[in-house]
Amino acid sequence: MTYLPADLVVTARSAQPRALHLAIAGDLDYETATRFTHEVNQALDAHHQQYGQVPKDLHLDFSGLAGIDSSALTALLVLRRQAYPAGITLHLDQQPSQMVRMLELTGIADHLTQDAHASPPAADEVDEQTETASAP
């Protein structure tokens, strides 16, 4: 049996000051997850250099995704951990069925795509929610 090395291509489709669209093609797995994170970060850095700001929305088009494994989830979680505090909302566009299934099984889709622009609840709202939750 011949093993073919995993291939991954991250391509910038379009960029505007407030949005960056990247196409992801090939396999996003153990062999390529680190490269995926690195290439997305490079695209974000290039966007920052070109526009003087990070995009508000990062669209990842997975229509060209051939394969995926659990390492992809780790890579997406790492990306979200970096993007969300910077005010960047992730959009996972054109997900193939195997990716949809993996995100459904793990329940992390909403976490990954949480709106980074939504304002957090005010301190008094958090206190009120805590009191309500702890009431007998």
Practice item. Group every Ile, Leu, Val, Met, Phe, Trp and Tyr by side-chain heavy-atom contacts under 4.5 Å, then state whether Leu90 and Ile108 land in the same group. Key: yes
Exercise for review: Give the cluster check for Val40 versus Tyr30: same hydrophobic cluster or not, with ILVMFWY residues linked at side-chain heavy-atom distances below 4.5 Å.
Suggested key: no
Are [X] and [Y] close enough that some pair of their side-chain heavy atoms sits under 4.5 Å apart?
X      : Y     : value
Arg18  : Gln53 : yes
Leu79  : Leu58 : yes
Leu112 : Leu92 : yes
His111 : Leu77 : yes
Leu60  : Val10 : no
Asn41  : Gln82 : yes
Leu103 : Leu73 : yes
Thr32  : Glu39 : no

Can you measure from [atom1] ([X]) to [atom2] ([Y]) and round to the nearest 0.5 angstrom?
X      : Y      : atom1 : atom2 : value
Arg81  : Thr37  : CZ    : OG1   : 10.0 Å
Met99  : Phe62  : CE    : CZ    : 3.5 Å
Thr106 : Met102 : OG1   : CE    : 8.0 Å
Ile88  : Leu20  : CD1   : CG    : 8.5 Å

Review point. Any chance CG of Asp115 has more than 12 other-residue heavy atoms, nucleotides or ligands included, within less than 6.0 Å?
Key: yes
Review point. Among side-chain atoms of Arg80 and Gln114, is any donor-acceptor pair under 3.5 angstrom?
Key: yes
Taking [X] for its side chain and [Y] for its backbone only, find out whether a donor-acceptor pair lies under 3.5 Å.
X     : Y     : answer
Asp29 : Ala72 : no
Tyr51 : Ala46 : no
Asp27 : Gly67 : yes

Point to revise | Asp57: which of His21, His91, His117 passes side chain to side chain donor-acceptor pair (under 3.5 Å) | key: His91
Of the non-hydrogen atoms in [X] and [Y], which two are nearest, and what is the gap between them?
X      : Y     : result
Ala33  : Ser71 : CB-O, 3.7 Å
Ala116 : Gly87 : CB-C, 3.6 Å
Ala15  : His47 : CB-CD2, 4.1 Å
Leu8   : Arg35 : N-NH2, 2.9 Å
His48  : Val54 : CD2-N, 3.8 Å

Practice item. Pick out which of Leu28, Val9, Leu22 makes a side chain to side chain contact (heavy atoms under 4.5 Å, CB included) with Phe36. Key: Leu28
Review point. Run the side-chain contact (heavy atoms from CB on, under 4.5 Å) check on Ser14 and Gln16 step by step: do they pass?
Key: CA-CA 7 Å; Ser14 67; Gln16 300 90 31; 3.7 Å; yes
